[in-house]
Protein chains: 2
Amino acid sequence: MKTNTLSRKQEIYRTAARLFKEKGYSAVTMRDLAAAVGIKAASLYNHISSKQQILSEIIIDIAEQFTEGIDTITHQKTDAVTKLKAVITQHITLTADNPYGMAALNNDWMHLEGKLDYYLNLRSQYENTFKAIVQEGKDSGELKDVNVEILLYSILTTLRNLYLWIPKKGELKKDELIKGLTVTLLQGVEK
Amino acid sequence: MKTNTLSRKQEIYRTAARLFKEKGYSAVTMRDLAAAVGIKAASLYNHISSKQQILSEIIIDIAEQFTEGIDTITHQKTDAVTKLKAVITQHITLTADNPYGMAALNNDWMHLEGKLDYYLNLRSQYENTFKAIVQEGKDSGELKDVNVEILLYSILTTLRNLYLWIPKKGELKKDELIKGLTVTLLQGVEK
DNA sequence: CTACAAAACTAACAATTGTTAGTTTATTTT
DNA sequence: AAAATAAACTAACAATTGTTAGTTTTGTAG
């Protein structure tokens, strides 16, 4: 029964993420979620413990992947531009793997209760590491002397909202996107 | 009494937009809004007709400004890059004027009821005009032969999310932002 | 000062919310 | 086949939701 339970549980998480993307956490009721899964609301509680826990699990899981990933990248002994490209690739890969979860992370993080502080820490850590890589690129002369804040904002925002475009199934293939975005985001600022 | 009524009404709209930005439309109750204004929930209805109308007014107002603005720009007899710069400037200006409203437009448009179709039309019109300007720039040789979809996505996403950064009061001044963003977004793709 | 309208209030409503209790049906283990 | 566990169900709860009705207070005009 273990595999079956797990798959039902995961079905609930995935369905929840999809609904959260469409209407936002607050506008999705447990009855909506249950109906989308094909059961009654009360039955959800055989698999999950609360609505809040669903959100928490979805967001924290992704946030940890991002923070761990950028940590690995930043410790590699390569130049800053290579690191930036790796960060962009990671972003595209993780988003393609879980676009609905990314939407929840982007739009509903403020509805986290118990795990809000932890999430905010993960996010700060990610942004700081990202910023350090950009700064490193400026210091080493790999990047033009652009405003770090603006560059950071522009790249991060584009990457964070990838979930809006990626699911438009196959219009853009992943490899195309990695190449195209890397060019678009970096070519203007590389020396 | 007319001016007083209007100012109270506008205070409600402005406060609502701020709360919508912080928690999203669905998570803001009429009691939250009333408390933020300093009155009781029932008293709101002396000034507005429904929660839905507040959202509608906030979003449609901005959406119309954007669509009218880009229409004016696209009919000017200049090159595509000049037009693109004008679009970027308009975006920054309108966002700086009303960052909370921009947040509502970005995040809560799907909760529009009566005006949803109208909003979606405005948005399509805006995106199509934007795309036409980019295409014009490619055709005339002003822009590199980049993937139009990716460039469009990248620029539009960055501009649409400006509201997240602009209110960080004065860190970046408006002129700085216009210049910096224009460089960051366009310099890499200009020939 | 009186009369009137604007804008606040209290109280309540019907609907909907997340969640729990208790029960029945399916499925797995022995 | 019996026993045990998992997962569905119905029914209900207390709280909260947007909104209305009716009343009182406030401020302005005659």
Side-chain angles (χ1 to χ4, degrees), chain A residues 1-59 104 107-116, chain B residues 1-59 104 107-116:
Chain A
M1 263 284 47
K2 210 60 189 294
T3 67
N4 210 341
T5 298
L6 271 185
S7 93
R8 189 56 138 177
K9 193 170 182 173
Q10 281 173 341
E11 186 192 358
I12 291 173
Y13 282 128
R14 268 190 243 117
T15 307
R18 180 169 55 80
L19 296 184
F20 291 168
K21 186 209 162 189
E22 283 163 15
K23 310 171 58 181
Y25 174 74
S26 304
V28 175
T29 72
M30 296 303 273
R31 287 165 180 82
D32 290 339
L33 175 55
V37 171
I39 60 179
K40 299 286 173 174
S43 306
L44 290 170
Y45 291 83
N46 285 319
H47 307 280
I48 54 98
S49 69
S50 69
K51 187 188 180 189
Q52 174 65 204
Q53 180 223 4
I54 297 176
L55 182 70
S56 193
E57 207 113 335
I58 291 171
I59 291 180
N107 304 321
D108 287 316
W109 60 267
M110 74 287 282
H111 298 118
L112 286 173
E113 291 162 12
K115 296 260 172 98
L116 178 58
Chain B
M1 266 288 44
K2 210 60 189 291
T3 67
N4 209 341
T5 298
L6 272 185
S7 94
R8 189 55 138 179
K9 193 169 182 173
Q10 280 173 342
E11 187 192 356
I12 292 174
Y13 283 128
R14 268 191 244 117
T15 307
R18 180 169 55 82
L19 296 184
F20 291 168
K21 186 210 163 190
E22 284 164 16
K23 311 171 55 180
Y25 174 75
S26 304
V28 176
T29 72
M30 295 304 273
R31 285 165 182 84
D32 290 338
L33 175 55
V37 172
I39 59 179
K40 299 286 173 176
S43 306
L44 291 170
Y45 290 83
N46 285 319
H47 307 279
I48 55 96
S49 68
S50 69
K51 186 187 181 189
Q52 174 64 204
Q53 180 222 3
I54 297 176
L55 182 70
S56 193
E57 208 114 334
I58 291 172
I59 292 181
N107 303 321
D108 288 317
W109 59 266
M110 74 287 283
H111 298 119
L112 287 173
E113 290 161 13
K115 296 260 172 95
L116 177 58

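Lettering of chains follows the sequences in order, A, B, ..., and the numbering in each one begins at 1. The structure displayed is predicted, hence computed values, not measured ones.
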From the list [options], which nucleotide is the closest neighbour of the side chain of [X]?
{"X": "B:Met30", "options": "C:dG18, C:dA8, D:dG18", "result": "D:dG18"}
{"X": "A:Tyr45", "options": "C:dT19, D:dG18, C:dA8", "result": "C:dT19"}
{"X": "A:Ile39", "options": "D:dC9, C:dA8, C:dA12", "result": "D:dC9"}
{"X": "A:Ser50", "options": "C:dT19, D:dT19, D:dC9", "result": "C:dT19"}
{"X": "A:Ser43", "options": "C:dA11, C:dT20, D:dA8", "result": "D:dA8"}

Whole angstroms only, please: what is the [atom1]-[atom2] distance between [X] and [N]?
{"X": "B:Lys40", "N": "D:dA21", "atom1": "NZ", "atom2": "P", "result": "21 Å"}
{"X": "B:Leu44", "N": "D:dT19", "atom1": "CG", "atom2": "C1'", "result": "11 Å"}
{"X": "A:Asp32", "N": "C:dT16", "atom1": "CG", "atom2": "P", "result": "11 Å"}
{"X": "B:Arg8", "N": "D:dT26", "atom1": "CZ", "atom2": "P", "result": "14 Å"}
{"X": "A:Ile54", "N": "C:dG18", "atom1": "CD1", "atom2": "C1'", "result": "11 Å"}
{"X": "A:Lys23", "N": "C:dT16", "atom1": "NZ", "atom2": "C1'", "result": "12 Å"}
{"X": "B:Lys51", "N": "C:dA15", "atom1": "NZ", "atom2": "P", "result": "19 Å"}
{"X": "B:His47", "N": "D:dG18", "atom1": "NE2", "atom2": "C1'", "result": "17 Å"}

Using a cut-off of 4.0 Å on non-hydrogen atoms, how would the nucleic acid contact of B:Val37 be classed: base, sugar-phosphate, or nothing?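 No contact.
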Tell me the closest heavy-atom pair linking A:Ser49 and A:Gln53, and the distance in Å. N-OE1, 2.9 Å
Which heavy-atom pair separates B:Leu33 from B:Ile12 by the least distance, and what is that distance? CD1-O, 3.9 Å
State whether the distance check finds a donor on one side and an acceptor on the other, under 3.5 Å, for side chain B:Asn46 versus base C:dA8.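 Pair found.
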Is it the case that the side chain of B:Lys21 and the backbone of B:Asn107 share a donor-acceptor pair, with hydrogens and angles ignored and the cut-off at 3.5 Å? no
Hey, is the main chain of B:Gln52 close enough, under 3.5 Å, to the side chain of B:Ser56 for a donor-acceptor pair?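 Pair absent, no side-chain N/O of B:Ser56 close to backbone of B:Gln52.
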By nearest-nucleotide position on DNA chain C, the 5'-leaning member of A:Ala41 and B:Gly38 is B:Gly38
Would you call A:Arg8 and A:Val37 a side-chain contact if the rule is heavy atoms closer than 4.5 Å?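 SC-SC contact between A:Arg8 and A:Val37 confirmed.
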